[in-house]
Amino acid sequence: NLCEALRSRGFAAVTAASVLETERLGPVVPFCALVDLRLPGGPDGEAMRRLSRKFPGLPMIVVTGYADETPPEPPEAVFTKPFDTRALLAAIERLHAARPGTSR
């Protein structure tokens with residue numbers, strides 16, 4: 001479970017299981033997003049488009065089972081299922097370390 005893997009590295013995770021749920025994330029201000037290109041409730045990539053509008057400049061990592069899909073926005077990285085969870089966590093940690101105001 002990705003949420004458990006993220007928590008083991010000290011990250012909190014907010015999840016959305018559908019395109020509509022991306023609109024209900026509340027007052028969170030994420031430093032990055034893991035986005036599946038196919039979610040119920042909208043066309044491929046719609047969750048990514050909505051997150052991009054809600055959080056301009058938000059770094060996004062695409063996780064998909066469809067290697068031939070093209071993300072609607074430029075992602076920081078693309079992980080095709082099945083993927084190496086350690087490599088995904090390393091990519092998230094790099095984005096976290098690169099945030100403005102974060103000392104390296």
Side-chain angles (χ1 to χ4, degrees):
N1 183 313
L2 268 179
C3 287
E4 290 175 19
L6 289 165
R7 278 194 287 270
S8 76
R9 298 285 180 103
F11 294 108
V14 177
T15 62
S18 70
V19 170
L20 183 59
E21 286 182 23
T22 64
E23 298 295 322
R24 299 179 182 159
L25 292 178
V28 299
V29 180
F31 74 89
C32 79
L34 300 179
V35 182
D36 195 323
L37 294 179
R38 284 198 180 166
L39 286 179
D44 291 355
E46 183 61 20
M48 190 176 198
R49 284 189 278 285
R50 289 185 187 204
L51 287 170
S52 182
R53 283 192 304 267
K54 186 171 183 166
F55 304 106
L58 177 67
M60 290 189 239
I61 296 174
V62 170
V63 178
T64 184
Y66 304 92
D68 59 339
E69 271 187 89
T70 302
E73 305 285 335
E76 293 292 323
V78 176
F79 289 84
T80 303
K81 298 174 188 176
F83 55 84
D84 180 349
T85 301
R86 288 176 299 195
L88 176 63
L89 292 172
I92 293 167
E93 288 173 332
R94 281 191 299 276
L95 287 173
H96 187 263
R99 292 178 314 151
T102 303
S103 60
R104 294 181 188 182

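Worth saying up front: this structure is predicted, and the values here are computed from it rather than measured. For this chain, numbers begin at 1 and follow the sequence in order. These values consider heavy atoms only, across backbone and side chains, with no hydrogens, waters or symmetry-generated copies.
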A.B. asks: For residues Leu39 and Ser18, determine if any side-chain heavy atom of one lies less than 4.5 Å from a side-chain heavy atom of the other.
C.D. replies: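 They are not in contact (no side-chain heavy atoms under 4.5 Å apart), so the answer is no.
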A.B. asks: Looking only at heavy atoms, what is the nearest atom pair of Pro30 and Leu58, with distance?
C.D. replies: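 In this case the closest contact between Pro30 and Leu58 is O-CD1, 3.4 Å.
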A.B. asks: With rounding to the nearest 0.5 angstrom, report the CD1 to CD distance, Ile92 to Glu76.
C.D. replies: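 The CD atom of Glu76 is 11.5 Å from CD1 of Ile92, to the nearest 0.5 Å.
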A.B. asks: Are Leu88 and Leu2 close enough that some pair of their side-chain heavy atoms sits under 4.5 Å apart?
C.D. replies: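 Answer yes - side chains close enough.
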A.B. asks: To the nearest 0.5 Å, what is the distance between CZ (Arg99) and CZ (Arg94)?
C.D. replies: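 So the gap between those two atoms works out to 15.5 Å.
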A.B. asks: If the condition is salt bridge (Lys or Arg N to Asp or Glu O under 4.0 Å), which residues does Glu21 pass it with, not counting sequence neighbours?
C.D. replies: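 Partners of Glu21 under the salt bridge (Lys or Arg N to Asp or Glu O under 4.0 Å) test: none.
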A.B. asks: So do Cys3 and Thr15 actually touch side chain to side chain, heavy atoms under 4.5 Å?
C.D. replies: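 Yes, close enough: below the 4.5 Å cut-off.
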A.B. asks: Considering only heavy atoms from C-beta outward, does the side chain of Thr64 approach that of Lys81 to under 4.5 Å?
C.D. replies: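 No; the side chains remain at least 4.5 Å from each other.
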A.B. asks: Can you tell me how far CD of Glu93 sits from CZ of Arg9, rounded to the nearest 0.5 angstrom?
C.D. replies: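 It is 4.5 Å, given to the nearest 0.5 Å.
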A.B. asks: Please report the closest heavy-atom contact between Thr80 and Ala67, naming both atoms and the distance.
C.D. replies: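 It is CG2-CB, 4.0 Å.
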A.B. asks: According to the ring pair (Phe, Tyr, Trp, His ring centres under 6.0 Å) rule, which pairs have a member within residues 26-68, sequence neighbours left out?
C.D. replies: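 As it turns out, the ring pair (Phe, Tyr, Trp, His ring centres under 6.0 Å) pairs with a partner in residues 26-68, which skip direct neighbours, are Phe11-Phe31, Phe31-His96.
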A.B. asks: Taking the side chain as every heavy atom from C-beta outward, state whether Val63 and Phe83 have any atom pair closer than 4.5 Å.
C.D. replies: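 Side chain of Val63 against side chain of Phe83, heavy atoms only: contact under 4.5 Å found.
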A.B. asks: Once you round to the nearest 0.5 Å, how far does CG of Leu34 lie from CD1 of Ile61?
C.D. replies: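 The distance works out to 5.5 Å.
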A.B. asks: Quick check: do Pro40 and Val19 have side-chain heavy atoms less than 4.5 Å from each other?
C.D. replies: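 Counting from C-beta outward, Pro40 and Val19 never come under 4.5 Å.
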A.B. asks: Working to the nearest 0.5 Å, report the span between CE of Met48 and OG1 of Thr22.
C.D. replies: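 Interatomic distance, Met48 CE to Thr22 OG1, rounded to 0.5 Å: 12.5 Å.
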A.B. asks: Is the closest side-chain heavy-atom distance between Pro72 and Leu37 below 4.5 Å?
C.D. replies: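 The answer is yes, as the side chains (C-beta and beyond) meet within the 4.5 Å cut-off.
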A.B. asks: Are side-chain heavy atoms of Leu6 and Leu89 found at a separation under 4.5 Å?
C.D. replies: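 Yes; the side chains approach each other to less than 4.5 Å.
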A.B. asks: Give every residue pair that meets the side chain to side chain donor-acceptor pair (under 3.5 Å) criterion with at least one member in residues 40-52, sequence neighbours excluded.
C.D. replies: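 Passing the test, one end in residues 40-52: Arg38-Asp44, Glu46-Arg49, Glu46-Arg50.
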A.B. asks: Do Val28 and Leu51 belong to the same hydrophobic cluster, where Ile, Leu, Val, Met, Phe, Trp and Tyr are linked whenever their side-chain heavy atoms lie under 4.5 Å apart, directly or via other members?
C.D. replies: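 In one cluster: yes.
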